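Have a look at the structure below before the remarks.
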Amino acid sequence: LNWRWALWMRLFHWGGYEWGNKEMRFWYKFASTVKKPKTEAIDAFLSNRNFLPFDTLDNNELKDFCNKIVEKDPFLITGYWEAIESILKYAYENNVCLNIKSILPSTQVVPPSARNLFSKHFNLDILDKYASAEHSGIAHQWEVGDLYHVQSENGFVEGGANNKSV
């Protein structure tokens, strides 16, 4: 847990997060972390995180998530981009004001068109995290742009062909 926390805290800091800020994490209902409720509960308590599993991402669930975001007022939102993007689209289309400062999606690179739209509309930072639920962070996008910091503590990353970065 301590390695994972250190890597996450570095990425969170790049997104403007300070220890103690509120976080909301949107994770698939049947993901592996949900199967470890005691560990997740301790992690959530120590991190000031509200853990919200999603299922259908239908309008009722999205409305409920937007209401919880407004109510809890998190600094940071993390989790699957699929869920985060659905929530942001719902809020955008329904004129819901979300006062989020930073979004750090897991496992997926955010498409530039979505990044531009949501960053400008909600006035927030979005930083990518290349990861997997089984392995945690592999590479985190730096605050300075389109560069990624490889989490060498978690594994090995090999260079591409002809000395091109991957």
Side-chain angles (χ1 to χ4, degrees), residues 4 7-37 40-41 43-45 47-149:
R4 184 174 66 94
L7 298 175
W8 271 97
M9 288 300 108
R10 178 170 46 198
L11 174 62
F12 285 10
H13 181 73
W14 289 340
Y17 174 91
E18 297 293 332
W19 183 257
N21 287 356
K22 294 178 190 174
E23 175 199 350
M24 280 191 144
R25 179 168 297 170
F26 294 93
W27 213 250
Y28 182 58
K29 186 176 181 176
F30 300 108
S32 60
T33 53
V34 180
K35 294 176 184 174
K36 302 179 229 170
E40 192 60 44
D43 185 51
F45 173 75
S47 304
N48 200 14
R49 174 183 310 125
N50 286 290
F51 183 80
L52 299 170
F54 67 88
D55 187 13
T56 61
L57 295 176
D58 62 16
N59 281 344
N60 290 332
E61 191 172 53
L62 295 172
K63 180 179 180 182
D64 184 46
F65 287 154
C66 285
N67 290 337
K68 286 179 182 175
I69 292 169
V70 169
E71 174 192 340
K72 299 289 185 181
D73 192 31
F75 179 91
L76 171 68
I77 292 201
T78 63
Y80 283 112
W81 176 246
E82 170 190 8
I84 294 169
E85 181 180 32
S86 296
I87 293 164
L88 294 176
K89 279 183 181 177
Y90 179 90
Y92 178 78
E93 292 169 357
N94 292 281
N95 297 314
V96 178
C97 181
L98 301 178
N99 187 30
I100 306 162
K101 301 292 185 254
S102 190
I103 292 179
L104 305 172
S106 301
T107 70
Q108 295 168 276
V109 174
V110 177
S113 59
R115 180 187 307 274
N116 291 336
L117 172 67
F118 297 133
S119 293
K120 289 176 184 169
H121 182 76
F122 294 107
N123 192 30
L124 53 80
D125 293 321
I126 300 174
L127 296 174
D128 293 331
K129 176 186 174 201
Y130 180 72
S132 69
E134 300 79 16
H135 188 66
S136 194
I138 297 168
H140 296 163
Q141 185 178 12
W142 283 16
E143 63 204 333
V144 296
D146 291 336
L147 301 173
Y148 287 80
H149 180 81

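Positions are given from 1 along the sequence. The figures here come from the full heavy-atom set of this structure, side chains too, leaving out hydrogens, waters and symmetry mates. Since the structure is predicted, the reported quantities are computational estimates derived from the model, not experimental observations.
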**OP:** Using a 4.5 Å cut-off on heavy atoms from C-beta on, say whether the side chain of Ile126 contacts that of Pro105.
**Re:** yes

Original post:
Can you name the closest pair of heavy atoms from Glu23 and Thr78 and give their distance?
Top reply: OE2-OG1, 2.5 Å

Original post:
Within a strict 4.5 Å, meaning less than it, do heavy atoms of the Ile100 and Ile69 side chains meet?
Top reply: yes

**OP:** Measure the CG-CZ distance between Leu117 and Arg115 for me, rounded to the nearest 0.5 Å.
**Re:** 12.5 Å

**OP:** Determine, step by step, whether Phe54 and Tyr80 satisfy the side chain to side chain contact (heavy atoms under 4.5 Å, CB included) criterion, reporting the C-alpha distance in whole Å, the side-chain angles of both residues, the deciding distance to 0.1 Å, and the verdict.
**Re:** CA-CA 10 Å; Phe54 67 88; Tyr80 283 112; 3.8 Å; yes

Subject >> Flag side-chain contact, heavy atom, 4.5 Å: Leu57 against Leu62 >> reply: yes

Original post:
Going from NE2 on His121 to SG on Cys97, what distance comes out if it is rounded to the nearest 0.5 angstrom?
Top reply: 8.0 Å

**OP:** Give the minimum heavy-atom separation between Met24 and Lys68, together with the two atoms involved.
**Re:** CE-O, 3.5 Å

Original post:
Val96 and Val70: side chain to side chain contact (heavy atoms under 4.5 Å, CB included), yes or no, with the steps?
Top reply: CA-CA 9 Å; Val96 178; Val70 169; 4.2 Å; yes

Subject >> Shortest non-hydrogen contact from Phe122 toward Ala91 >> reply: CZ-CB, 3.8 Å

Original post:
Distance from Ile77 atom CD1 to Phe65 atom CZ, nearest 0.5 Å?
Top reply: 10.5 Å

**OP:** Give a yes or no answer on whether the side chain of Arg49 reaches the backbone of Arg25 with a donor-acceptor pair at less than 3.5 Å.
**Re:** no

Subject >> Donor-acceptor contact below 3.5 Å, side chain Asp125 vs main chain Ser102 >> reply: no

Subject >> Exercise: identify the closest heavy-atom pair between Pro111 and Trp81 >> reply: CD-NE1, 3.8 Å

**OP:** Examine distances only and state if a side-chain atom of Asn116 and a backbone atom of Pro112 form a donor-acceptor pair shorter than 3.5 Å.
**Re:** yes

Original post:
Closest heavy-atom contact between Trp19 and Ser47?
Top reply: CH2-CA, 4.3 Å

Original post:
Is the closest side-chain heavy-atom distance between Phe118 and Ile84 below 4.5 Å?
Top reply: no

**OP:** Evaluate the side chain to side chain contact (heavy atoms under 4.5 Å, CB included) criterion for residues Ile103 and Leu88: first the C-alpha distance (whole Å), next the side-chain angles of each, then the deciding distance (0.1 Å), finally the verdict.
**Re:** CA-CA 11 Å; Ile103 292 179; Leu88 294 176; 3.6 Å; yes

Original post:
Does the side chain of Lys101 come within less than 4.5 Å of Asn99's, by heavy atoms?
Top reply: yes

Original post:
Looking at Phe75 and Gly16, what are the two nearest heavy atoms and their distance?
Top reply: CZ-O, 3.2 Å

Original post:
Is atom CG of Asn123 surrounded by more than 12 heavy atoms (other residues, nucleotides or ligands) closer than 6.0 Å?
Top reply: no

Subject >> Asn21 side, atom CG; Leu76 side, atom CG - distance, nearest 0.5 Å >> reply: 8.0 Å

Original post:
With a 4.5 Å limit on heavy-atom distance, are the side chains of Asn50 and Pro74 in contact?
Top reply: no

